Amino acid sequence: FRGFRDLLNLEKFDILFSWLPFPNYFFGAFTKRFNKRNKKSTHIWYSGGAFLPNREKPKFAKIPLKWMSDWAIKNTKKVFTLSNYIRQELLDYNKKDSKVIYCGINSNDFKIDFIGKNKIPLILFPTFIHKAKGIYDVFEASKNLLQKGVKFKLVITGGGPEKELLEKLIKEKNLEKDIIVKANICDKDLKKLYNQCDFTLYPVLKGEFGLVLLESLLYNKPIIYRNE
């Protein structure tokens with residue numbers, strides 16, 4: 001927090017970009033409200049509903065988080081969301097409307113390298129390892145299929161707060177060779193996996209519009225997406 005404060009005192013910003021709403025957008029609102037050099041404009045990009053302060057928190061923690069969230073939203077000039085679902089969720093949560101700007105990517109950054117067919121299907125699941133991303137539904141479905149003799153390899157890329165729990169479940173079922181978690185993966189290796197895989201997964205539980213959808217299309221890969 002001190003480093004953030006010192007930076008704001010040294011530099012003037014028209015836009016503050018935040019991927020997660022809390023605590024990042026609280027700092028953004030704090031900046032607009034109290035920092036003399038950065039009062040002109042504070043814009044917040046609010047990522048997705050999985051991180052709303054009222055979710056997955058014990059009751060004693062909800063009151064201060066709700067207060068800070070409401071205060072931050074009130075003192076934020078503009079909020080952007082990445083889907084109409086999240087826009088409505090934020091509106092229901094604290095009556096703050098937002099503008100929807102869908103994700104975009106530069107197609108020039110993606111190169112298709114045609115690789116030979118895999119001996120067994122390779123499934124790619126780029127994600128943030130969190131319950132709201134449907135990670136446990138994917139694990140249960142994969143476990144059941146593997147136990148029935150269906151052969152495939154699932155590669156889950158990305159980190160998250162539930163990475164260790166997921167790895168524990170995989171180890172308990174002796175599925176380390178079939179379900180592989182790669183938490184710290186560079187863009188080069190991720191692009192290689194996109195080229196190698198047979199299809200991708202994006203089973204988010206709440207209606208986010210993620211980059212995985214666009215990236216899969218650019219690589220001409222089929223994608224299994226939750227339609228709820």
Side-chain angles (χ1 to χ4, degrees), residues 15-21 24 43-51 79-87 98-139 141-142 145 150-163 166-167 170 177-228:
I15 296 176
L16 290 175
F17 178 93
S18 172
W19 187 248
L20 299 180
N24 301 18
H43 290 203
I44 304 298
W45 180 291
Y46 174 75
S47 171
F51 306 101
V79 177
F80 298 98
T81 55
L82 50 71
S83 74
N84 281 307
Y85 180 94
I86 302 302
R87 173 179 174 266
S98 57
K99 180 177 178 59
V100 176
I101 300 179
Y102 291 105
C103 293
I105 54 179
N106 185 357
S107 60
N108 294 325
D109 291 338
F110 296 83
K111 180 182 178 182
I112 298 177
D113 294 321
F114 293 97
I115 299 175
K117 187 176 180 181
N118 298 310
K119 293 182 179 180
I120 61 173
L122 176 62
I123 307 168
L124 177 61
F125 184 14
T127 189
F128 180 76
I129 301 178
H130 185 278
K131 178 181 179 181
K133 299 295 184 178
I135 191 75
Y136 299 113
D137 291 338
V138 169
F139 170 75
S142 300
L145 288 171
V150 180
K151 294 183 178 180
F152 63 90
K153 181 172 289 187
L154 170 64
V155 178
I156 301 171
T157 64
E162 298 175 38
K163 170 181 170 291
L166 176 63
E167 289 177 330
I170 294 170
K177 292 182 180 180
D178 303 301
I179 304 177
I180 301 167
V181 178
K182 294 187 176 183
N184 300 313
I185 186 170
C186 65
D187 287 344
K188 181 180 179 180
D189 289 339
L190 180 59
K191 290 174 181 179
K192 184 177 180 180
L193 282 171
Y194 265 113
N195 277 301
Q196 289 177 328
C197 75
D198 292 285
F199 63 92
T200 63
L201 302 178
Y202 192 67
V204 293
L205 296 175
K206 301 294 180 181
E208 300 176 20
F209 184 84
L211 290 174
V212 177
L213 298 171
L214 297 177
E215 290 170 348
S216 299
L217 292 173
L218 280 172
Y219 282 106
N220 292 329
K221 300 296 181 178
I223 181 167
I224 297 178
Y225 178 67
R226 186 191 300 267
N227 183 20
E228 289 186 0

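The shown structure was predicted, so the numbers you read here are calculated from the model rather than taken from an experiment. Computation of the quantities below employed the complete heavy-atom set of this structure, encompassing side-chain atoms and omitting hydrogens, waters and symmetry-equivalent molecules.
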Closest heavy-atom contact between Gly134 and Arg226? CA-NH2, 4.0 Å

Run the side-chain contact (heavy atoms from CB on, under 4.5 Å) test on Asp109 and Asp187 for me, step by step, so that the C-alpha distance in whole Å, both residues' side-chain angles and the decisive distance to 0.1 Å come before the verdict. CA-CA 10 Å; Asp109 291 338; Asp187 287 344; over 6 Å; no

Holding to side chain to side chain contact (heavy atoms under 4.5 Å, CB included), I want the full list of residues that pass it with Asn184, two or more places apart in sequence or in another chain. none

Given Phe125, which of Ile224, Leu201, Val155 fulfils the side chain to side chain contact (heavy atoms under 4.5 Å, CB included) condition? Leu201

Does any part of the side chain of Thr127, heavy atoms only, come nearer than 4.5 Å to the side chain of Val138, both counted from C-beta? no

Flag, side chain of Lys221 to backbone of Cys197, donor-acceptor distance under 3.5 Å: yes

Please test Phe128 against Ile135 for side-chain contact (heavy atoms from CB on, under 4.5 Å), starting from the C-alpha separation and ending with a verdict. CA-CA 9 Å; Phe128 180 76; Ile135 191 75; over 6 Å; no

What's the spacing between Ile180 CD1 and Ile123 CD1 if we round to 0.5 Å? 11.5 Å

Residue pair Asn195, Ile112: steps toward the side-chain contact (heavy atoms from CB on, under 4.5 Å) verdict: CA-CA 6 Å; Asn195 277 301; Ile112 298 177; 4.0 Å; yes

Quick one: sort the Tyr219 and Tyr194 rings into parallel, tilted or perpendicular, breaks at 30° and 60°. parallel

Tyr136 pairs by side-chain hydrogen bond (donor to acceptor under 3.5 Å, both in side chains) with which of His130, Lys131, Glu162? Glu162

Provide the closest heavy-atom pair for Leu190 versus Leu124 in the form atom of the first, atom of the second, distance. CD1-CD2, 4.4 Å

Donor-acceptor pair, side chain of Lys111 and main chain of Lys191, under 3.5 angstrom: no

Looking at residues at least two apart in the chain, or sitting in another chain, which of them share a side chain to side chain contact (heavy atoms under 4.5 Å, CB included) with Ile223? Thr200, Tyr202, Val212, Leu213, Ser216

Ignoring hydrogens and angles, tell me if any N or O in the side chain of Asp198 forms a donor-acceptor pair with the backbone of Leu122 under 3.5 Å. yes

Looking at Phe152 and Leu145, what are the two nearest heavy atoms and their distance? CE2-CB, 3.8 Å

Nearest-0.5 Å distance that lies between atom CG in Leu214 and atom CZ in Phe110: 8.5 Å

Might you work through the salt bridge (Lys or Arg N to Asp or Glu O under 4.0 Å) test for Lys182 and Asp189, ending with a clear yes or no? CA-CA 10 Å; Lys182 294 187 176 183; Asp189 289 339; over 6 Å; no

Quick one: pull up OG1 in Thr157 and CD1 in Ile129 and give me the separation to the nearest 0.5 Å. 8.5 Å

Distance only, no hydrogens: is a donor on one side chain within 3.5 Å (strictly under) of an acceptor on the other, for Asn84 and Tyr102? yes

Between CG on residue Leu166 and CD1 on residue Ile156, distance to nearest 0.5 Å: 5.0 Å

Measure the shortest side-chain to side-chain distance between Lys133 and Val204 over non-hydrogen atoms and say whether it is less than 4.5 angstrom. yes

